[in-house]
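Working notes, structure below.
The sequence lines fix the lettering, A, B, ..., with proteins before strands; numbering per chain opens at 1.
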Amino acid sequence: MRDPISSVVCPYCGAGCRFGLVIKDGRARDICYDSDHPVAQGALCPKGNSALDLLYHPDRLLFPYRRDSHGRRHRISWDEALKTISTKLLQIRSDFGPEAVGFLASAKVSNEENYLFQKLARIFGSPNIDHCARLCHAPSIVALSRSFGSGAMTNPIKDLENARCILIIGSNFAENHPVVSRWVWNARDRGAYIISVDPRVTPTTKMAHLHLMIRPGTDGLLLNAMMAQILREGLENRDFIRSRTEGFQELEPILRSVNIEKVSKQIGVPLGDIITAARRYANSSASSIIYCMGVTQHRSGTDFVASCANLALLCGHIGRSGAGVFPLRGQNNVQGASDMGALSEFLPGYVPVGDVERRRSIVSLWNQKDIPVGGLTITEMVDEILSGKIRALFVLGENPLVSDPSGAETERALSRLDLLVLEDIFPTETAELAHFVLPAAMWAEKSGSYTNTERRVQWSPKVLDPQGESKPDLWIIGNLGRWLGIWESIPTPEEVLREINKVVPLYGGITPERLLGRREGLIWPCPEENHPGSPILYVERFNRENGLAKFYPYDADRDATPTEEDTFSLITGRVVVHYNSGSITRRIEALSRYEPKLEVTIHPKDAEKLGIRAGDLVTVRGEREAVDAIAKISSQVREGSLFMPFHFPEANRLTPRDLDPLARIPSFKDAKCKISTKGT
Amino acid sequence: MGSSLRIFLRPERCINCYACEVACEKTHEGMGNIKVQGVPLVCLHCEVPPCITSCYRGALEIKEGIVVIRKDYCTNCGICVLSCPFGAIMVTEVERDGKKIPRIHKCDGCWERPYGFAVCALTCPSGAIGWERFEDAVVSKREKVYRLYLRG
């Protein structure tokens, strides 16, 4: 029944599930469940189950088109589209310099496509290449790289079942990576103790023995308090700290000075719960930390991630089965897109662009002497469009208008551009502003490799023909490169992967031949042809130069800010039936019927105070803009905070543009709002 | 499908994700036979099913361990719906000859379908719906109790 040829990687989250497509007469008719898959064991969440509705959706973009100044669409041929776009790009380059063009890569396209795209951008001469990892796990890449030497998940998802204690902080994986919950439940059934830290009640917190419902944004305070308690009771792993880490002497005095009683009041959680969490985490034989956007999307995102790493190092819970740090990535290839260097500060393989020697050795493989450095991130590009420095933006399968913070600002910026090119599968909100829209083939209509959150690289073959005139992204990027005079021929995915094998040592042994033969893929680092892959990192040494991990001190107390009486903390997040900017899932009836409209959740006491009733249309006012939503009254949020899913265009109209200074992630989770019944 | 394999619920694991509903509907032409209401509710294919006992037309029968409706006997009266202790028999309004009429349907264990087992169990991300032999299920329950005892 299982046909290996039709087995594809799921196009949604970063868990990397696979499923089979039953194909008859050139059309996918049904989905098969792949019970042998190492992550999913055949399971699929509702989004995966509705994959056929996605493939055959009537809204799909099928032809390239141009929008004129009145907003009318004109269907054009591929040749005309690519010719005009490249002419305009070259014109802008000669008028304003190459850095006047920004490139946004995509966490939804394959490694090969991301690699080729960043190569195109950099050879074109623009340092401004970035993608939406900036909006989710940029702090993880920065903080975990400097603490451990590598910015990815340390253990495979399946290994969670071997943990004896799991600390979930700022992650709602039951909705965002549903299959992860089967491994956490397995751990729990085997006797593991589950601690959840979340300012909301979610399906994930229901799994936990202990739920610390902290005030939004106080994660750093809590982590430091837990570490302080561990030190106070002498539960730290002195052997591990001595033999495998450095820099503890700088963190120790900060932790010794933490006043746990005070922290308990600041974060709004009973002292006893903090102590229990600290003891359980430290005392178990193997503890794991799962964290996600709740930790990263803050002004101090990098510091919060560093605190997670500090906690793991303090107790030596890393580098063993069941003990690790799990930053769950949100899109099916966001790990891969980061690995491929689709980030302004990294070349493929996380080579910092500032590292002259390694940079030159990479670009010499591209027959270049050097490439420009100092690129801008997504949000910075928006600022520079407004200041007039960036004149053109090439967007590969992203919907910045909905997914970026402060939507009004983004809209103003995108409508100012001389040239906005969008490559996508659906006419998204961003397409309404684009000058050229290019139809891309979907994931099952092209071949390529995808890297899931646990660093597992899997091959997803082409099993269907692209619909209409839509084309694989590799074809589009390759052709654009030809028109721009960057290269002469369009490579196949296999050829690009072979180049990646040479350029990125982590992928050295992940050759097309090996990948095509194994459905379960390979886990990087896999430097050589006969290397089996490395499911668990840092078993013997960390990836830093001296092999030691490093503690990065963070004084959380410094950042604690009291909130004003009448403002609410707005938490934005995801719900299970929707995916990111909602451009896909809001179109699929089977999913959107569960959450058809934007709702804002408010605590019953706050609602009563403000005279808001369930189902009322309310206005939520942010710093810059106000939006309307339907009130949902529930004690799933704390008093003083609100929750809104960002799958709808309104939510990110309210989020602030302030950046974390190191990772430059916008502080999506720090929005402050006021709320009232509409019309009052 | 082995006849002694049974749909096995671990309701505490349910994460309310609706994967089973979406999968079941896609498999049964839009007429889903499972509902999530905090926990997944689906026919457990009882050995002495109240639905069969209550049906005056004998429109329900057990086929290889699966309780199925014999469509040509069913009058859509709804007695089985009331008799089921799990709320696992569904009523959906369908259009026939321009009129809306209620239609009774329930889990058929995906027994005619080529998946190997019921799609709800195959697709459940958290493992709240699974399939096991009764004998194995009790052993794993005992093991779980023992592990909890060890943890103290």
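- With a 4.5 Å cut-off on non-hydrogen atoms, Glu25(B) touches chain A through its side chain but not through its backbone.
- Contact of Ile31(A) with chain B is made through backbone and side chain together, with heavy-atom distances under 4.5 Å.
- The candidate from Cys17(B), Ser140(B), Ala121(B) with the greatest count of non-hydrogen atom pairs under 4.5 Å with chain A is Cys17(B).
- Top candidate by heavy-atom pairs under 4.5 Å with chain A, chosen from Val119(B), Asn16(B), Thr27(B), is Val119(B).
- The aromatic rings of Phe19(A) and Trp443(A) lie perpendicular to each other, with more than 60° between the two planes, well past the 30° mark.
- By number of non-hydrogen pairs under 4.5 angstrom with chain B, the leading residue of Asn186(A), Thr202(A), Val577(A) is Asn186(A).
- Between the side chain of His211(A) and the backbone N or O of Ser196(A) there is no donor-acceptor pair closer than 3.5 Å.
- For the 3.5 Å distance criterion, the side chains of Ser181(A) and Ser126(B) fail to qualify, holding no donor opposite an acceptor.
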Test log, rule salt bridge (Lys or Arg N to Asp or Glu O under 4.0 Å), inputs Asp108(B) and Lys63(B):
CA-CA 10 Å; Asp108(B) 57 4; Lys63(B) 250 187 195 170; over 6 Å; no
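- Counting heavy-atom neighbours within 6.0 Å of Glu95(B) CD, excluding the residue itself, gives a total above 12.
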Glu454(A) and Arg456(A): CA distance, side-chain angles, deciding distance, salt bridge (Lys or Arg N to Asp or Glu O under 4.0 Å) verdict
CA-CA 5 Å; Glu454(A) 45 173 16; Arg456(A) 186 186 299 278; 2.6 Å; yes
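- Looking only at heavy-atom pairs under 4.5 Å with chain A, the residue among Pro125(B), Gly30(B), Ala19(B), Ala23(B) that has the most is Pro125(B).
- Ranked by heavy-atom pairs shorter than 4.5 Å toward chain B, the options Ala40(A), Cys45(A), Ser50(A) are led by Cys45(A).
- Both the backbone and the side chain of Lys144(B) come within contact range of chain A, with heavy atoms under 4.5 Å apart.
- Residue contact with chain B, scored on non-hydrogen atoms closer than 4.5 Å, involves the side chain of Val576(A) exclusively.
- Under the 6.0 Å cut-off for aromatic ring centres, Phe8(B) and Trp131(B) do not qualify, their centroids lying 6.0 Å or more apart.
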